[in-house]
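Right, one structure below, let's go through it.
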2 protein chains.
Amino acid sequence: MRRMTARPANTHQARLLRLLRDGGPNSRAQLGDQVDLSRSKLAVEVDRLLETGLVVADGLAASRGGRRSHNIRLAPGLRFLGVDIGATSIDVAVTNAELEVLGHLNHPMDVREGPVAVFEQVLTMAAKLRASGLAEGFDGAGIGVPGPVRFPEGVPVAPPIMPGWDGFPVREALSQELGCPVMVDNDVNLMALGEQHAGVARSVGDFLCVKIGTGIGCGIVVGGEVYRGTTGSAGDIGHIQVEPDGRACACGNRGCLEAHFSGAALARDAEDAARTGRSAELAARLDGAGKLSAIDVAAAAAAGDPTALDLIREGGNRVGQVIAGLVSFFNPGLVVIGGGVTGLGHNLLASVRTQVYRQSLPLATGNLPIVLGELGPVAGVTGAARLISDHLFSPA
Amino acid sequence: MRRMTARPANTHQARLLRLLRDGGPNSRAQLGDQVDLSRSKLAVEVDRLLETGLVVADGLAASRGGRRSHNIRLAPGLRFLGVDIGATSIDVAVTNAELEVLGHLNHPMDVREGPVAVFEQVLTMAAKLRASGLAEGFDGAGIGVPGPVRFPEGVPVAPPIMPGWDGFPVREALSQELGCPVMVDNDVNLMALGEQHAGVARSVGDFLCVKIGTGIGCGIVVGGEVYRGTTGSAGDIGHIQVEPDGRACACGNRGCLEAHFSGAALARDAEDAARTGRSAELAARLDGAGKLSAIDVAAAAAAGDPTALDLIREGGNRVGQVIAGLVSFFNPGLVVIGGGVTGLGHNLLASVRTQVYRQSLPLATGNLPIVLGELGPVAGVTGAARLISDHLFSPA
DNA sequence: CCAACTTTCTCCACACTCAGGACAAAGATG
DNA sequence: CATCTTTGTCCTGAGTGTGGAGAAAGTTGG
């Protein structure tokens with residue numbers, strides 16, 4: 001199949017493509033109602049899009065009391081690849097033009113193995129998805145990496161947890177391998193985009209998306225757009241100091257949020273509690289290598305283990321304290337909490353909420369929902385697909 | 001004189017008005033180079049603006065090697081009123097259309113005297129400026145109040161330090177009295193706008209403007225636009241907790257930044273040091289009522305008083321700690337520090353910088369200037385004029 | 001089965017926008 | 001004084017977009 005070559009020629013066309021992406025197939029008449037254009041002008045633009053092959057007319061819709069309308073939809077063969085590289089695993093998914101996930105693979109892998117090894121794995125997974133018949137090729141790909149990115153160039157910069165990636169031309173390299181346009185972003189920003197597109201943050205203009213996985217980061221959305229900061233490191237809240245002379249952090253400082261609570265810190269604390277005999281529940285869950293994960297802590301808490309509950313509560317207080325500050329500063333309309341620790345669920349959420357509602361000003365918290373993300377591992381890959389589709393569905 | 005009645009009819013006209021405002025008088029040819037429009041189209045739009053009276057052609061400019069150009073400038077009679085209501089004083093200024101301050105008055109007054117009394121004073125000051133011949137009337141006014149504002153309506157909401165103002169229709173009332181359009185915003189946002197227009201933040205897209213006066217607030221500028229948050233309380237950093245069980249704050253919580261450092265807290269600490277005999281320098285500066293101000297502390301520090309220096313240093317550390325967190329989160333291109341405490345100058349700046357550069361990530365601080373505002377009390381009124389002119393210089 | 005009404009879509013005439021070139025005006029230069 | 005440069009105006013032609021007329025295709029009720 002010939003891949004997507006054309007791009008919208010003007011903002012009207014871009015607008016139409018996004019409407020079709022977000023609202024599904026539609027008739028010319030209904031599109032006309034949404035884009036404040038005359039029927040005639042709209043017909044012209046739709047015809048031009050039909051000529052480019054970006055959209056197709058397939059069949060007639062049911063009548064709504066008059067002549068039946070032609071269904072206009074995005075080309076059904078369009079495929080986007082969404083890649084989410086986490087600290088300890090890789091997610092890859094294929095979507096159609098409406099960004100619905102058609103297939104999704106996950107593979108545990110440490111980013112610290114470096115860009116070359118990770119890329120090989122990503123390409124293998126992409127090939128597997130293609131082989132399964134879900135795609136004959138990709139029209140675009142979005143990829144998230146767990147660290148700051150110089151966005152225009154698509155290159156990671158000074159990533160603390162991913163040595164070896166600094167300056168690696170992710171966009172360039174992946175584009176070469178896949179033969180399609182690629183956009184690169186921070187994994188946290190993509191999670192925010194995903195939740196905005198298909199999750200809890202639909203129709204919210206300004207919100208924060210806190211991702212607690214191996215580390216902690218925060219996606220910032222302002223007026224519906226991801227805010228990336230001057231050097232692309234906005235949202236890097238893992239190294240905010242929460243304890244003047246606290247624990248040593250990998251970044252070289254002491255008392256960073258991430259050192260006190262995160263997937264990694266929680267696992268370490270739980271292992272410690274298990275070995276020192278403070279929790280039989282946790283001890284029973286130690287694996288062969290003497291390791292625990294956030295999931296084990298969640299299970300122990302569900303079984304009523306007070307030590308596990310304490311760990312979660314204390315962690316929630318730490319994050320909540322930081323989020324309370326951010327809420328005062330940013331005054332968001334919504335706070336989403338996601339990442340690996342969502343398994344800790346409402347125990348975590350409860351302590352976060354307590355801190356925020358107690359510490360931040362009533363005006364900022366009065367109507368502020370604090371909720372868990374609803375897309376789980378799909379958020380990142382959906383956000384990645386959204387990133388590239390936003391890029392391709394804008395005037396060239 | 002007839003006041004400004006017309007508004008730009010389209011974005012081109014709005015663009016031209018702003019160019020003339022920010023770049024001063026200009027020829028048609030030079031304007032054409034700046035707004036990607038053909039000479040003919042530009043001539044048409046300029047002619048239409050001339051017809052409305054918003055701009056005038058006055059005289060010929062010097063030749064640049066060919067035919068001399070006609071100078072196009074904003075109507076010289078346009079006048080904006082900028083009002084900055086602080087916690088303890090009121091600033092009022094008149095500007096021309098280029099936002100140059102033509103006259104500026106200051107009057108000490110406590111906002112807690114309520115909106116009616118404050119308004120009376122503002123109107124008196126405006127009348128005095130008018131009587132001095134600087135303006136025959138006002139084409140628009142901007143006003144800043146020390147608390148959150150529901151921006152579209154121009155109404156203060158739940159202002160902690162200004163009881164009695166909650167819900168008072170500031171925009172409506174002032175517009176009625178002055179007979180011209182009015183826009184209302186938080187005083188901190190206006191300071192940010194002022195520094196962006198004519199101060200240290202020119203040509204910076206994303207920056208923070210921390211105002212330390214009686215309280216502490218922070219103006220947030222994203223992509224050149226002030227970010228106000230979902231309910232208009234964005235930037236309210238005075239009540240971020242900096243000490244788990246710290247001092248009691250007026251807001252009802254404990255350990256708020258504002259309770260530990262701000263103009264008010266610093267004065268209290270200084271008075272305490274003076275009375276308990278810890279600082280002779282400060283004791284010597286006590287006024288009849290046993291009061292001190294930030295200026296006294298600055299003077300004592302300049303005289304080498306170690307207690308005063310300690311107070312400044314400790315305060316700077318507190319604010320620096322919070323700013324460090326905000327820098328990690330927001331990744332600004334510039335941090336401006338202003339407000340009443342700028343008199344503390346480089347002693348304060350030094351401790352803020354130390355905290356930020358030590359605690360925030362290198363990627364965020366690498367190229368980050370932290371500077372004092374350069375406009376002083378003019379920042380707020382300039383920002384106020386800018387606010388209303390931005391409003392009036394946009395398509396109706 | 002037919003008349004009346006709806007909804008969808010196409011076609012066409014007209015207005016408006018805007019670019020670019022020709023040209024006039026006004027000055028500099030040698 | 002001839003030539004060049006810069007500025008500003010006028011005009012034509014291409015393209016953009018609106019709104020109305022009307023054809024196409026359906027529903028509804030008698």
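On a predicted model such as this, the values are computed, not experimentally measured, just so you know.
- In this structure, the side chains of B:F151 and B:N186 stay at 4.5 Å or more apart for every pair of heavy atoms.
- One atom, NE2 of B:H70, and another, C1' of D:dT9, lie 11 Å apart when rounded to the nearest Å.
- Using a 4.0 Å cut-off, some side-chain N or O of A:H12 falls inside it from OP1 or OP2 of D:dG17.
- Taking atom CG on B:L42 and atom P on D:dC10, their separation rounds to 14 Å, with Å as the unit.
- Rounded to a whole Å, the CG atom of B:L60 is 10 Å from the C1' atom of C:dA26.
- For the pair A:D33 CG and C:dT7 C1', the interatomic distance rounds to 11 Å; values are reported in whole Å.
- For A:A29, the listed nucleotide lying nearest its side chain is C:dC9; candidates were C:dC9, C:dA19, C:dC12.
- If you measure from atom CD of B:E45 to atom P of D:dT9, you get 14 Å, rounded to the nearest angstrom.
- The side chain of B:R64 lies closest to D:dT7, out of C:dA19, C:dT8, D:dT7.
- The nucleotide whose nearest atom lies closest to any side-chain atom of B:R28 is, among C:dC12, C:dA28, D:dG8, D:dG8.
- Here the P atom of nucleotide D:dT7 and the CG atom of B:N26 are 11 Å apart, to the nearest Å.
- The residue B:S63 sits close only to the backbone: its heavy atoms come under 4.0 Å of sugar-phosphate atoms, none of a base.
- Between A:S38 and the phosphate of D:dT18, there is a side-chain N or O to OP1/OP2 separation shorter than 4.0 Å.
- Here the nucleotide nearest the side chain of A:S27, chosen from C:dC9, D:dT16, C:dC12, is C:dC9.
- Atom CD of B:E225 has 12 or fewer heavy atoms from other residues, nucleotides or ligands within 6.0 Å.
- Atom CZ in B:R48 sits about 9 Å away from atom C1' in C:dT17, given to the nearest Å.
- Partner of A:D185 under the salt bridge (charged side-chain N to carboxylate O under 4.0 Å, His left out) criterion, out of A:R150, A:R228, A:R171: A:R228 alone.
- An OP1 or OP2 oxygen of D:dG19 is reached within less than 4.0 angstrom by no side-chain nitrogen or oxygen of A:R39.
- A close approach under 4.0 Å does not occur between any side-chain nitrogen or oxygen of A:R68 and OP1 or OP2 of C:dT8.
- For the residue pair A:F207 and A:A192, the shortest heavy atom distance occurs at CZ-O, 3.7 Å.
- Remark: B:E374 CD is packed, more than 12 non-hydrogen atoms of other residues, nucleotides or ligands lying under 6.0 Å away.
- A:N71 places its CG atom 9 Å from the P atom of C:dC9, with the value rounded to the nearest Å.
- The side chain of A:R67 approaches D:dA25 more closely than any other nucleotide in the set C:dG27, D:dA25, C:dA19.
- B:S40 comes within 4.0 angstrom of a base, heavy atoms only.
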